[in-house]
Amino acid sequence: MKIQTNETRLELGKEAADLAGQYIKEAIAKKGVANIILATGSSQFETIEALIEDKDIDWSKVRMFHLDEYIGMPIEHKASFRKYLTERFLDKVAPLLEVVLINGETDPEEECKRLGDKILQFPIDVAFVGIGENGHLAFNDPPADFDNEQPYVVVNLDKQCRMQQLGEGWFNNLEEVPLQAISMSIKQIMKSDTIICSAPDRRKAQAVKDCLTGSVTNLHPASILQEHPASFFFLDKESAYLL
């Protein structure tokens with residue numbers, strides 16, 4: 001586990017994207033393809049924008065998997081993570097080798113099986129993740145299941161997680177925020193060769209402290225990343241102020 005603190009969100013995004021880009025290019029050079037996981041949410045804005053600026057990445061040799069999505073969420077809704085990834089990433093880079101998005105509008109158990117069967121074919125080189133205000137990793141809220149072997153799972157979203165989504169401006173009121181989502185499991189995320197965690201903002205400071213300096217516990221789900229041999233945390237001075 002390595003932690004880097006930057007002055008601003010912009011610097012955080014650039015540093016995270018620079019390191020991730022190196023690993024993506026190394027995977028392409030070694031294997032001819034790179035398999036990545038992309039996260040969403042406001043914590044990823046600057047990282048994704050900086051990644052797009054790396055003109056040395058051959059996107060035609062990159063396969064992208066989607067981290068999580070709300071159940072029942074139409075792609076037209078502003079909170080849709082499929083919409084987020086399409087508008088903020090896919091529409092701004094050259095066509096990828098393959099894009100595997102989560103469809104939250106179909107049967108969730110069948111969708112988990114489809115996604116699981118797919119990702120098990122392709123070892124992940126680089127995973128982009130964040131840390132939730134409740135310490136969640138993807139949509140694995142506390143107490144998270146550290147033992148589920150299924151790559152994708154149906155999860156219940158706790159109130160703090162749902163309040164975060166409301167606070168970030170994706171919804172007009174709490175009642176609009178879905179109660180469930182399809183999420184990549186903790187076990188599957190931990191299988192990634194390299195994990196790049198972008199976690200800016202003071203509202204994340206307590207979760208950052210709990211997950212990076214406390215014991216590994218499913219009550220602080222992202223704390224499991226302490227056990228990953230190649231996890232990199234990019235913070236700004238706001239999210240790091242309690243460290």
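With hydrogens and angles disregarded, a donor-acceptor distance shorter than 3.5 Å links the side chain of Thr213 to the backbone of Lys209. In this structure, Glu11 contributes its side chain and Glu7 its backbone to a donor-acceptor pair below 3.5 Å.
Atom CG of Leu38 is separated from atom CD of Gln44 by 8.0 Å, given to the nearest 0.5 angstrom. Going from atom NZ of Lys31 over to atom CD of Glu26 covers 11.5 Å, rounded to the nearest 0.5 Å. Atom CG of residue Asp58 and atom CG of residue Leu96 lie 9.5 Å apart, to the nearest 0.5 angstrom. One distance of note links CG of Leu166 with CD of Glu176; it measures 8.5 Å at 0.5 Å rounding. Note that the CG atom of Asn140 and the CD1 atom of Ile186 stand 4.0 Å from one another [nearest 0.5 Å]. How far CZ of Phe232 is from SG of Cys197: 12.5 Å, rounded to the nearest 0.5 Å.
Taking 4.5 Å as the limit, some side-chain heavy atom of Arg202 sits within range of a side-chain heavy atom of Tyr241. Between Phe81 and Leu67 the shortest side-chain heavy-atom distance does not fall below 4.5 Å. With a 4.5 Å cut-off on side-chain heavy atoms, Ile52 and Ile48 count as touching. Proximity of Leu101 to Met64: side-chain heavy atoms (C-beta onward) are separated by under 4.5 Å at one or more points. Ile189 places a side-chain heavy atom less than 4.5 Å from the side chain of Val129. Side-chain contact check for Phe128 versus Ile195: every heavy-atom pair is 4.5 Å or farther apart. With a 4.5 Å cut-off on side-chain heavy atoms, Phe65 and Leu115 do not count as touching. Pro221 has its side chain out of reach of Asp141: every pair of non-hydrogen atoms, C-beta onward, lies at least 4.5 Å apart.
Between Asp158 and Arg162 there is no salt bridge, since no side-chain nitrogen of the basic residue lies less than 4.0 Å from a carboxylate oxygen of the acidic one. Remark: Arg114 engages Glu111 in a salt bridge, criterion side-chain N to carboxylate O under 4.0 Å.
Residue Lys55 qualifies as enclosed at atom NZ: its count of foreign heavy atoms under 6.0 Å is above 12.
Checked against salt bridge (charged side-chain N to carboxylate O under 4.0 Å, His left out), Asp201 has the following partners two or more places apart in sequence or in another chain: Arg9, Arg203. Residues passing the side chain to side chain contact (heavy atoms under 4.5 Å, CB included) test with Ala34 are Ile24, Ala27, Ile28, Val62, Asp125, sequence neighbours excluded. Looking at residues two or more places apart in sequence or on another chain, you find a salt bridge (charged side-chain N to carboxylate O under 4.0 Å, His left out) between Glu98 and Arg63, Lys118. For Lys159, the salt bridge (charged side-chain N to carboxylate O under 4.0 Å, His left out) criterion is met by no residue, not counting sequence neighbours.
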Begin from the C-alpha positions of Gln164 and Glu168 and carry the test side-chain hydrogen bond (donor to acceptor under 3.5 Å, both in side chains) through to its verdict. CA-CA 6 Å; Gln164 176 182 329; Glu168 290 183 1; 3.1 Å; yes

Could you give me the CA-CA distance, side-chain angles and deciding distance for Thr5 and Phe234, then say whether side chain to side chain contact (heavy atoms under 4.5 Å, CB included) is met? CA-CA 6 Å; Thr5 301; Phe234 292 88; over 6 Å; no

For a ring-ring contact (aromatic ring centres under 6.0 Å, His included) check, start with the C-alpha distance between His77 and Phe171, then their side-chain angles and the critical distance, and finish with the verdict. CA-CA 9 Å; His77 194 289; Phe171 298 93; 5.4 Å; yes

I'd like to know whether Asp54 forms a salt bridge (Lys or Arg N to Asp or Glu O under 4.0 Å) with Lys25, so could you lay out the CA-CA distance, the side-chain angles of the two residues, the decisive distance to 0.1 Å, and finally the verdict. CA-CA 10 Å; Asp54 191 334; Lys25 286 176 279 191; 3.0 Å; yes

Candidate pair Thr47 and Ser198, rule side-chain hydrogen bond (donor to acceptor under 3.5 Å, both in side chains), full reasoning: CA-CA 7 Å; Thr47 299; Ser198 299; 2.8 Å; yes

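Side chains of Asp18 and Gln22: a donor-acceptor N/O pair is absent below 3.5 angstrom, by distance only.
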Validation: residues 82-91 side-chain donor-acceptor distances under 3.5 Å, sequence neighbours left out:
residue : atom : partner : partner atom : Å
Arg82   : NE   : Ile102  : O            : 3.4
Arg82   : NH1  : Asn103  : OD1          : 3.3
Arg82   : NH2  : Met73   : O            : 3.0
Arg82   : NH2  : Glu105  : OE2          : 2.8
Lys83   : NZ   : Glu87   : OE2          : 2.7
Tyr84   : OH   : Gly41   : O            : 2.7
Thr86   : OG1  : Arg82   : O            : 2.8

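Residues Gly104 and Glu69 come closest through the heavy atom pair N-CG, 4.2 Å. Here the closest non-hydrogen pair linking Ala17 and Leu51 is CB-N, 3.5 Å.
Of the candidates Thr194, Asp193, Ile36, Tyr23 forms a side chain to side chain contact (heavy atoms under 4.5 Å, CB included) with just one, namely Thr194.
The side-chain hydrogen bond (donor to acceptor under 3.5 Å, both in side chains) pairs that include a residue from residues 216-236 are Asp236-Ser239, where partners are two or more places apart or lie in different chains.
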